[in-house]
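Reviewing the structure listed below.
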Amino acid sequence: QVQLVESGGGLVQPGGSLRLSCAASGSIFTVYDMAWYRQAPGKQRELVATIGTGVKTNYADSVKGRFTISRDNTKNTVYLQMNSLVPEDTAVYYCNARVVDTSYRNREVWGQGTLVTVDS
């Protein structure tokens with residue numbers, strides 16, 4: 001069994017910053033691609049950022065220049081540094097990972113979500 005545990009969400013003022021963390025644990029052999037998604041109130045889930053096993057990253061246009069995705073492969077953890085936050089960033093943020101477990105099965109795993117609220 002593999003699971004993702006997210007943390008770091010909360011209430012922040014416009015222009016502020018937050019850092020989200022997501023740690024993969026369980027019967028993991030290898031973690032491949034990791035990503036952050038978000039779902040704002042009344043909207044569909046959207047892809048925010050992705051990162052491969054190395055340094056390749058991709059970002060949604062709405063967050064380019066403000067958000068940075070990174071990972072620590074020794075801890076099977078992915079981060080999302082969010083700067084210059086605006087109210088439109090308010091959403092539940094979900095971590096996603098593609099892994100190979102210790103039984104050599106490919107799996108896609110989702111975190112439980114962490115709420116980010118940008119408001120005064």
Side-chain angles (χ1 to χ4, degrees):
Q1 188 176 9
V2 179
Q3 52 276 326
L4 303 178
V5 179
E6 301 174 339
S7 62
L11 175 64
V12 63
Q13 292 181 320
S17 298
L18 283 175
R19 187 190 189 216
L20 306 182
S21 299
C22 173
S25 62
S27 302
I28 298 171
F29 180 76
T30 303
V31 180
Y32 289 98
D33 295 344
M34 305 187 82
W36 288 96
Y37 292 77
R38 69 185 181 186
Q39 187 166 15
K43 296 184 178 180
Q44 297 283 83
R45 184 181 64 186
E46 65 176 347
L47 179 64
V48 177
T50 64
I51 186 168
T53 56
V55 297
K56 293 182 178 180
T57 59
N58 284 283
Y59 298 92
D61 289 340
S62 59
V63 306
K64 283 183 178 178
R66 299 189 297 119
F67 290 11
T68 302
I69 188 171
S70 61
R71 65 192 292 169
D72 183 344
N73 291 329
T74 67
K75 299 179 179 179
N76 290 327
T77 299
V78 64
Y79 307 94
L80 186 68
Q81 179 66 48
M82 304 183 294
N83 299 325
S84 302
L85 286 161
V86 295
E88 291 74 21
D89 295 319
T90 296
V92 177
Y93 285 72
Y94 297 93
C95 178
N96 173 270
R98 297 185 182 274
V99 308
V100 176
D101 67 20
T102 52
S103 296
Y104 312 108
R105 293 180 289 239
N106 294 314
R107 296 188 180 278
E108 184 180 36
V109 189
W110 289 90
Q112 80 285 356
T114 185
L115 176 63
V116 173
T117 302
V118 185
D119 195 5
S120 299

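No experiment lies behind these values; they were computed from the predicted model shown. If you read the sequence from its start, that first residue is 1, and numbering goes on from there.
The disulfide (SG to SG under 2.5 Å) pairs that include a residue from residues 50-85 number zero, where partners must be two or more places apart or lie in different chains. Judged as a side-chain hydrogen bond (donor to acceptor under 3.5 Å, both in side chains), the pairs with a partner in residues 77-86 (not counting sequence neighbours) are, in order, S17-N83, Q81-N83. Applying the side-chain hydrogen bond (donor to acceptor under 3.5 Å, both in side chains) test to every pair with at least one member in residues 106-120, sequence neighbours left out, gives these pairs: N96-E108, R98-E108, D101-R107.
To the nearest 0.5 Å, atom CZ of residue R71 and atom OG1 of residue T53 are 6.0 Å apart. Atom NZ in K64 sits 9.5 Å away from atom OG1 in T57 (nearest 0.5 Å). Here Y104 contributes atom OH and T30 contributes atom OG1; the two are 9.5 Å apart, rounded to the nearest 0.5 Å.
Under the side chain to side chain donor-acceptor pair (under 3.5 Å) criterion, S103 pairs with R105, not counting sequence neighbours. Taking D89 as the reference, R38, R66 meet the side chain to side chain donor-acceptor pair (under 3.5 Å) condition, with sequence neighbours excluded.
In this model, a donor atom of one side chain and an acceptor atom of the other lie less than 3.5 Å apart for Q3 and S25.
Members clustered with L18: V2, L4, V12, L20, I28, V31, M34, W36, V48, I51, Y59, V63, F67, I69, V78, L80, M82, L85, Y93, V99, V109, V116, V118, by chain and number, using a 4.5 Å side-chain heavy-atom cutoff among hydrophobic residues.
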